[in-house]
Amino acid sequence: MNDLDIQTAYWDRVAASKTFTHPIPLSILHDLLPSSAKILDYGCGYGRTCSELSDAGYRNVVGIDISGEMVRRGQRLFKSLDLRTFDGISTGFDDNSFDACLLMAVLTCIPSDRGQERAIEEICRLLRPGGILFVSDYPLQTDARNLKRYQEFEKEFGGFGVFRTEDAVVRHHDMKHMQRLLLYFDVLWQENIRVSTMNGNESDAFQIIARKS
């Protein structure tokens, strides 16, 4: 990982102002996971997804995030949730601790290949055999605004799709890269959707549910 993969200062600074909107396909998850399933929200932000899972009947949900300010916001909003901070590298959980893990617009915040690989490796360690991974994130966009950003920052960051917004560096994904990243998972379901980004722009997104091989 490099410094851009763990941008804690940025997320602490904007913790009070950002709203996250990626939906959860609860009907599909209910078919795959009983209400007793132990679920990790990796990069939970202020706990929105954890709260939705809890409201949907899931009793064993844990959220972790690098931003202490995000976690504190979540603890104020959702007092019953188990939200924790971590250093972005070691989660502190034992092997095979979880039945499922969620990555809700998290990979976009980890710009480097190695940083993303490290996150997926940690999630593989934490998931039990046959565990479920849900990824919701951004593919490469096709509109002129984003294409201009990709080209502008390609030389600086050494990759097409990595760019700077405000004081953060983020990434949109080539889907072939995503296939390589999830090499040790079997894709069960995939869908393309439209979402509102944390900065209020409409964007294409993809959602994948996969099972640990």
Side-chain angles (χ1 to χ4, degrees), residues 5-8 10-11 14-15 17-30 32-33 37-56 58 60-67 69-71 73-75 77-78 81-86 88 91 93 98-111 115-116 118-120 122-124 126-127 131-139 165 168 170-173 175 178 181-182 185 187-212:
D5 293 325
I6 305 175
Q7 302 175 72
T8 307
Y10 169 77
W11 293 109
V14 302
S17 62
K18 297 302 181 184
T19 299
F20 305 136
T21 64
H22 286 231
I24 317 168
L26 283 170
S27 62
I28 299 174
L29 290 180
H30 274 307
L32 295 169
L33 298 167
K38 191 168 183 181
I39 302 174
L40 176 67
D41 186 2
Y42 185 106
C44 66
Y46 56 87
R48 175 191 68 97
T49 302
C50 291
S51 177
E52 291 184 15
L53 289 169
S54 178
D55 289 345
Y58 287 103
N60 298 303
V61 181
V62 180
I64 59 173
D65 202 275
I66 61 171
S67 170
E69 290 302 318
M70 282 280 185
V71 168
R73 176 184 172 188
Q75 290 169 337
L77 287 171
F78 312 111
L81 295 182
D82 184 356
L83 306 179
R84 314 177 189 185
T85 57
F86 81 120
T91 59
F93 298 110
F98 293 94
D99 300 299
C101 179
L102 279 64
L103 284 171
M104 302 287 288
V106 171
L107 293 175
T108 192
C109 306
I110 306 175
Q116 293 190 351
R118 176 65 185 80
I120 295 297
E122 177 68 358
I123 288 166
C124 279
L126 295 176
L127 282 175
I132 296 297
L133 173 63
F134 173 57
V135 180
S136 186
D137 220 298
Y138 300 101
T165 175
V170 297
R171 177 175 183 169
H172 293 167
H173 299 92
M175 294 309 293
M178 194 57 52
L181 198 62
L182 301 181
F185 289 85
V187 174
L188 305 177
W189 173 87
Q190 184 168 349
E191 186 169 83
N192 297 322
I193 60 172
R194 293 283 287 176
V195 298
S196 179
T197 72
M198 65 180 182
N199 293 323
N201 300 304
E202 289 298 306
S203 179
D204 292 328
F206 64 87
Q207 298 194 311
I208 294 172
I209 295 177
R211 190 185 303 277
K212 179 181 173 181

Can you check side-chain contact (heavy atoms from CB on, under 4.5 Å) on I120 and L182, steps first, answer last? CA-CA 8 Å; I120 295 297; L182 301 181; 4.2 Å; yes
Under the salt bridge (Lys or Arg N to Asp or Glu O under 4.0 Å) definition, can you give me all pairs with a residue in residues 39-49, not counting sequence neighbours? R48-E52
Report yes if some heavy atom in the side chain of S67 is under 4.5 Å from a heavy atom in the side chain of Y46; otherwise report no. no
Qualifying residues under ring-ring contact (aromatic ring centres under 6.0 Å, His included), relative to F206, sequence neighbours excluded: none
Give, for atom CG of L40 and atom CG of L103, the distance between the pair rounded to the nearest 0.5 Å. 8.5 Å
Take R194 and D204 through the side-chain contact (heavy atoms from CB on, under 4.5 Å) test and state the conclusion after the steps. CA-CA 5 Å; R194 293 283 287 176; D204 292 328; 2.9 Å; yes
Note: Q207 and P25 closest approach over all heavy atoms is OE1-CD, 4.3 Å
Using atom types as modelled and distance alone, determine if a side-chain donor or acceptor of K212 lies under 3.5 Å from a backbone N or O of L133. no
S203 (side chain) donor-acceptor with T197 (main chain) under 3.5 angstrom: no
Residues at least two apart in sequence or cross-chain that pass side chain to side chain contact (heavy atoms under 4.5 Å, CB included) with V14, listed by chain then number, are Y10, W11, S17, K18, E166
Minimum side-chain heavy-atom gap P111-V170 below 4.5 Å: no
Qualifying residues under ring-ring contact (aromatic ring centres under 6.0 Å, His included), relative to H22, sequence neighbours excluded: Y138
Is the shortest side-chain heavy-atom distance between H172 and P139 below 4.5 Å? no
Rounded to the nearest 0.5 Å, what's the gap from CG on L107 to CG on D137? Could you check? 5.0 Å
Taking all atoms of both residues into account, what is the closest heavy-atom pair of C109 and Q7, and its distance? O-NE2, 3.8 Å
Answer yes or no: is there a donor N or O on one side and an acceptor on the other, between the side chain of N199 and the main chain of N201, under 3.5 Å? no
Of all heavy-atom pairs between L33 and A100, which one has the smallest distance, and what is that distance? CD1-CB, 3.5 Å
Validation row: V135, V106 side chains within 4.5 angstrom (heavy atoms): no
In short, L83 meets C50 closest at the heavy-atom pair CD2-SG, 4.0 Å
Using the salt bridge (charged side-chain N to carboxylate O under 4.0 Å, His left out) criterion, which residues pair with R211? Sequence neighbours excluded. none
Within this structure, what is the CG-CG distance for the pair L102 and L29, rounded to the nearest 0.5 Å? 6.5 Å
Measure the shortest side-chain to side-chain distance between H173 and L181 over non-hydrogen atoms and say whether it is less than 4.5 angstrom. no
When the ring centroid of F93 is compared with that of Y42, is the distance short of 6.0 Å? no
Whether the side chain of T108 engages the backbone of R171 through a donor-acceptor N/O pair (distance < 3.5 Å, no angle test) should be reported. yes
Set of salt bridge (charged side-chain N to carboxylate O under 4.0 Å, His left out) partners for E69, sequence neighbours left out: R72
CD-CG distance between Q190 and N192, expressed to the nearest 0.5 angstrom: 6.5 Å
Residue pair I110 / Q116: nearest heavy atoms and the distance that separates them: O-NE2, 3.0 Å
Here the gap from L127 atom CG to I132 atom CD1, rounded to the nearest 0.5 Å, amounts to 8.5 Å
What are the two closest heavy atoms between P23 and M104, and how far apart are they? O-CE, 3.8 Å
Stepwise, does the side-chain contact (heavy atoms from CB on, under 4.5 Å) test hold for F98 with I39? CA-CA 6 Å; F98 293 94; I39 302 174; 5.7 Å; no
Measuring from F86:CZ to E122:CD, what's the distance to the nearest 0.5 Å? 8.0 Å
